[in-house]
Amino acid sequence: MSWQTGLIKTILDPANLIISTDIAVVIADKYPKARHHYLVLPKEDIASIFQLNRKHLPLLEELHLLARNIIEVRGECFESFRIGFHAQPSMQRLHLHVISKDFVSSWLKTKKHWNSFNTSLFIPYEALYENLSKNDKIERLPKAKVEELLSKPLACNQCEFVAKNIPSLKEHLLQH
DNA sequence: GTTCTAGAAC
DNA sequence: GTTCTAGAAC
């Protein structure tokens, strides 16, 4: 089994499921990039956002419902979370990220980690939903665009601060 | 996706 | 000399 199928294997074990419905499940991200970081995955075998079409809109609504549920279950505030998909996913099985905006985590280690959640490489749930409604599919970003976004400066998500490197960004995030 | 680590950056 | 980044992983 290659590493890309790790999520599919993870959800096979009921012990890993924080929430489970007929349609979807919620698990904790194995390498959380913030104080709270969950993944919502459909039980249906959909590899990624690129397999979606208009028929999946009700499924997306179910995923978002579970996203709101896990935030509530954990006693957290909806407004303190980002909910969305990576524009360039690495792991198989469609997964909706539910991540708190603090980004305080020892697993946050690289510029790629930061920019994948804090540039257009992160597609908010609502944006993906609207895009799918309109176009009946999700287009892959051009390689050059991905590289441009990955190389963006380390701009704080809560103020105008731009960090010189990852350690200084992490130190800064702790101050918020 | 992570781990490891060479060599760049400081 | 130490910190930090970025590319290979058969």
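In the text below, chain A, chain B and the rest are named by the order of the sequence lines, each starting its count at 1.
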Euclidean distance, atom [atom1] of residue [X] to atom [atom2] of [N] [Å, nearest integer]:
| X | N | atom1 | atom2 | value |
| --- | --- | --- | --- | --- |
| A/Leu150 | C/dG7 | CG | C1' | 13 Å |
| A/Glu147 | C/dA6 | CD | P | 13 Å |
| A/Lys111 | C/dG7 | NZ | C1' | 15 Å |
| A/Trp114 | C/dT5 | CH2 | P | 14 Å |
| A/Lys164 | B/dA9 | NZ | C1' | 14 Å |
| A/Lys112 | B/dT3 | NZ | C1' | 14 Å |
| A/Gln88 | B/dG1 | CD | C1' | 12 Å |
| A/Leu169 | C/dT3 | CG | P | 19 Å |

### Query
Base, sugar-phosphate, or nothing for A/Pro167, non-hydrogen atoms under 4.0 angstrom?
sugar-phosphate
Taking the minimum atom-to-atom distance to the side chain of [X], which one of [options] wins?
| X | options | result |
| --- | --- | --- |
| A/Lys109 | C/dT5, B/dT3, B/dT2 | B/dT3 |
| A/Asn165 | C/dC4, B/dT2, B/dG1 | C/dC4 |
| A/Ile166 | C/dT5, B/dT3, B/dG1 | C/dT5 |

### Message
Looking at A/Lys111, I'd like to know if its NZ atom is crowded, meaning that more than 12 non-hydrogen atoms belonging to other residues, nucleotides or ligands lie closer than 6.0 Å.
### Response
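Yes, NZ of A/Lys111 has more than 12 neighbouring heavy atoms, counting only those of other groups under 6.0 Å.
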### Query
If only side-chain N and O atoms of A/His113 are considered, is one of them under 4.0 Å from the OP1 or OP2 phosphate oxygen of B/dT2?
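Yes, such a contact exists.
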### Query
Would you say B/dT2 has OP1 or OP2 under 4.0 Å from some side-chain N or O of A/Lys33?
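So the side chain of A/Lys33 is within the cut-off, an N or O lying under 4.0 Å from OP1 or OP2 of B/dT2.
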### Query
Under 3.5 Å, is there a donor-acceptor pair between the A/Ser120 and A/Lys145 side chains?
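The answer is no; no qualifying pair exists.
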### Query
Only one of A/Leu94, A/Ile138, A/Ile46 forms a side-chain contact (heavy atoms from CB on, under 4.5 Å) with A/Gln51, so which one is it?
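Between A/Gln51 and the candidates, side-chain contact (heavy atoms from CB on, under 4.5 Å) is satisfied uniquely by A/Ile46.
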### Task
For the pair A/Asn135 (side chain) and A/Lys137 (backbone), establish whether a donor and an acceptor sit closer than 3.5 Å, ignoring hydrogens and angles.
no
#### Entry: Watson-Crick or G-U counterpart of B/dG1, or none if no pair lies under 3.5 Å
none
### C/dC10: pairing nucleotide in any strand, Watson-Crick or G-U under 3.5 angstrom
none
### Centroid-centroid under 6.0 Å between A/His86 and A/Phe117 rings
yes
